[in-house]
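Here is how names work: the chains are called A, B, and so on, in the same order as the sequence lines, proteins then strands, and each is numbered from 1.
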Protein chains: 2
Amino acid sequence: MTQHDLQAYDPSAYPPMAVTVDLVLMSVVEGQLTVLLQRRDQPPFAGVQALPGGFVGPAEGLDEAAARVLSSKAGFGGKQAWLEQLYTFGSPARDPRMRIVSVAYFALLPAGELAEAVAAGQGLVQMPLGAMEDVLAFDHAGIVALAHERLKGKLDYVPLAFALLPALFTLRDLQDVHEAILGKPLNKPAFRRRMLDSGWIEPTGEREVETAFRPAELYRCVAEGPRV
Amino acid sequence: MTQHDLQAYDPSAYPPMAVTVDLVLMSVVEGQLTVLLQRRDQPPFAGVQALPGGFVGPAEGLDEAAARVLSSKAGFGGKQAWLEQLYTFGSPARDPRMRIVSVAYFALLPAGELAEAVAAGQGLVQMPLGAMEDVLAFDHAGIVALAHERLKGKLDYVPLAFALLPALFTLRDLQDVHEAILGKPLNKPAFRRRMLDSGWIEPTGEREVETAFRPAELYRCVAEGPRV
DNA sequence: GCAAAAGTGTTGTGATTACACCCATGT
DNA sequence: ACATGGGTGTAATCACAACACTTTTGC
């Protein structure tokens, strides 16, 4: 952005492009990492599943646009979700219609809220990450794979697992989420201690109810993150 | 990118934006992590240092545009550099002239090549990361800070330090680069072993020449990375 | 009292650090 | 010979994992 100043003042001299945001909306449903998809009803890729997304408005920031799309698709009532920029895709060939630069975000929601979004009946479906074999439109399969990688990589350093759980949760719930993301079982005592030593959670003194056996203690997340 | 298909076919219905790439071109010069900057000669921010950048062409991918800007500013002769997408900035307020979405990249060059770029006399200057106190145009100070964070975070997992060194280097050179990036001294034997065990380097059998004292062995990087 | 899952104590292992030392080279 | 930095061995520390064990609840 330096030696192109003359161009910049002439609207026809720079190449205008459409900028969109695409959302990888994830949750852990019954031990499976799951993504929210939307069936396209127009070509190209009519009838194919794709990531929800939308154009960035003229006076709208990128994070702002992502948050708008998030609340419009998963119009959850005033609750919070993790929302983080993932990567920007801008290959000239990625959309056959026109030049589109797309800023991908990933969003994390508790399973209950994902289910609500699906139940709202706006054509949204949830699909386990393992079940989608190249059935996504555009380059969206690669975007989902990248989101999964990022999730795995940050899991131990950043308190993002809590965005996939309700406000109160047990250590077993938390471990299930970690195992779903990493795709492998974890040792229970080791996991417990790592979490308790992390400073991310605090015990509430409350306990589960309606359990068949001994009820587990409920914990609360006390860590901060990019929640919208 | 799903429910806006009708808009997408009408050029006037989507908000066109200019898309640029900005480069954080870094090297380690005399133990200091250093960034390549360019003095702006046009308002806004005339006379102020900024990151080199440029518009993304109509048929050009983002990585491609970044590589083009890299080779035009630091027109190094056929050598290789580390080039990696960093983050995308799109606040409506970030450029007072018009709506610009900028995809930031960071690039890593050996100190010698950075010096060549400066010597070429295209108005480029190098500045140590510690020395720039909010003297950058636009939101570029934040971009540089983010690049530094990313560099620190990936240093132990990804073989990017070698992009800051010539093809042959000593373990001491490598340690100096790590220390400059992390901003703290490292233990010599521990660092040695970590590097030798990493599988990223291999000894050449060659040795330094013209040293005052015992010459160190020269190593070569055998790891792959996103080099352009 | 028994089944099932919560929660804890103890031990072992691998990785990394810290410190001390030896080695090789040019003056 | 000696100063200087390259290079190596050994012990200590830490984090984490594995395992066995105790505890608590509902039926």
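- When the P atom of D/dC16 is taken as reference, atom CZ of A/R192 falls 17 Å away, rounded to whole Å.
- Atoms CZ (A/R194) and C1' (C/dT8) sit 18 Å apart, rounded to a whole Å.
- For A/R172 and D/dT25, the CZ to C1' distance is 17 Å, given to the nearest whole Å.
- Taken to the nearest 0.5 Å, the CZ atom of A/F169 stands 12.5 Å off from the CG atom of A/D176.
- Side chain of B/Y105 to backbone of B/D63: a donor-acceptor contact under 3.5 angstrom is found.
- One atom, CD of A/E210, and another, C1' of C/dA4, lie 18 Å apart when rounded to the nearest Å.
- The NZ-P distance, from A/K184 to D/dC16, rounds to 13 Å in whole Å.
- As a whole-Å value, the separation of A/D197 CG from C/dT8 P is 12 Å.
- Note on B/E60 versus B/R68: salt bridge recorded, some NZ/NE/NH1/NH2 to OD/OE distance being below 4.0 Å.
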>> Walk along nucleotides 19-27 of chain C from 5' to 3' and tag each nucleotide B, S or - by protein heavy-atom contact under 4.0 Å, base first, then sugar-phosphate.
In response: BB--BBSS-
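- The shortest distance between side-chain heavy atoms of B/F89 and B/D139 falls below 4.5 Å.
- In this structure, B/K154 pairs ionically with B/E84, as a charged nitrogen and a carboxylate oxygen lie closer than 4.0 Å.
- Annotation: of the two residues near DNA chain D, A/L186 and B/T170, the 5′-most nearest-nucleotide partner is B/T170.
- For A/L160 against A/L108, the heavy-atom pair with the smallest separation is O-CD1, 3.6 Å.
- At whole-Å resolution of the value, CD in A/E217 and P in C/dA5 are 19 Å apart.
- Separating the OH atom of B/Y219 from the P atom of D/dG7 is a distance of 6 Å, rounded to the nearest angstrom.
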